[in-house]
Amino acid sequence: MSKIVVANWKSNPNKNQEAVKLAKASDYKHFIVCPPAVFLDSVGRTLKRAALGSQNVFFAEQGPYTGEISLNQLKSLGVSYVIVGHSERRRYLSESDELINRKIKACLKNKLGVILCVGEWEKKSGLAGLRSARKQVKQQLEKALLNIRLNSADRIFIAYEPVWAIGGGRADEPARSAVIIAYLRKLLFSYFAPKQGGALYGGSIDSKNIRQFLPYDVVDGVLVGSASLAASEIKKIAEIAGSF
Ligand code: PGA
């Protein structure tokens, strides 16, 4: 399987015109482009090769849920993946493991792929730090997948995103992340053998450091935030990812 690049635009850009421009620059085969909900339609119409992803979903197909985006709406826009459990939603919107679990169940029932984000909040060094991070991500993964019976047609990627490495221009040490990613991947594959799935790294990935992460076999791809907003960076990232 080729390496995957998930572009998470977060609450950017400001205008539709800019979103369409960015979508054109991001239209590569193994990309999953995740614009904010307001641009899903225009970005979805622009993409020809990349898949369309949503940054969020509500767990009901439709109904009285003010301000939420339903599963049916996402499906009608051609969305194929949903990011669930991102640390910014856990932090600013108090998303709980229980809510994340409900969203994953709903996505899979509706044949939407899931990109589940997990990661420890604080940076702790050494072996003790590694053990504690492993324990935290295991708990997050198990709670997220609680009582979900997966089958091989389900599509799930686990994105390991150490929270302290997000948005600050200081990615984790690739070798350290690879250890945790290998562990998460094994855990995921103990639930099922997905046709499309695996484990990703996220946290300050850019065109300069991506080369250090992708050589690891266990790293099936990357989740890119800030660097996915610059056309020049995207081009370089796509070239590098395509060479693996
Ligand atoms: P970043 O964001 O690349 O800006 O660190 C990654 C993420 O939050 O998914």
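Side-chain atoms are counted along with the backbone in the values below, which use heavy atoms only and exclude waters and symmetry mates. In listed order, ligands and their atoms are each counted from 1.
Close approach of ligand 1 to Ser204 (heavy-atom distance below 4.0 Å) involves ligand atoms 1 (P), 3 (O), 5 (O). Close approach of ligand 1 to Gly203 (heavy-atom distance below 4.0 Å) involves ligand atoms 5 (O). Close contacts between ligand 1 and Asn8 involve ligand atoms 9 (O) [criterion: under 4.0 Å to a heavy atom].
Both the backbone and the side chain of Ile166 come within 4.0 Å of ligand 1, counting heavy atoms alone.
For Leu223, no nitrogen or oxygen atom sits less than 3.5 Å from a nitrogen or oxygen atom of ligand 1, counting backbone and side chain alike. For ligand 1, one of its N or O atoms has an N or O atom of Gly167 under 3.5 Å away.
The nearest protein atom to atom 3 (O) of ligand 1, hydrogens excluded, is given as Gly225 N, 2.8 Å; this is a heavy-atom distance. The protein heavy-atom contact nearest to atom 4 (O) of ligand 1 is Ser226 OG, 2.5 Å.
Checking each of Arg90, Gln140, Arg102 against Asp97 for a side-chain hydrogen bond (donor to acceptor under 3.5 Å, both in side chains) leaves exactly one that passes, namely Arg90.
Ion pairing between Asp206 and Lys236 fails under the 4.0 Å rule for side-chain N and carboxylate O. The pair Glu95-Arg89 meets the salt-bridge criterion, since a charged nitrogen lies less than 4.0 angstrom from a carboxylate oxygen. Ion pairing of Lys135 with Glu142 is absent here, as no side-chain N (NZ or NE/NH1/NH2) approaches a carboxylate O to less than 4.0 Å.
Selection from Glu161, Arg170, Lys10, Glu88 by nearest heavy atom to atom 9 (O) of ligand 1 gives Glu161.
Under a cutoff of 6.0 Å and an axis angle of 45°, Arg49 and Phe31 do not form a cation-pi pair.
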Could you pull out every donor-acceptor pair under 3.5 Å between side chains of residues 56-65 and any protein atom, sequence neighbours left out?
unit_1, atom_1, unit_2, atom_2, d
Asn56, OD1, Lys103, NZ, 2.7
Glu61, OE2, Asn110, ND2, 2.9

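Residue pairs meeting the salt bridge (Lys or Arg N to Asp or Glu O under 4.0 Å) criterion with at least one member in residues 28-48, sequence neighbours excluded: Asp41-Arg45.
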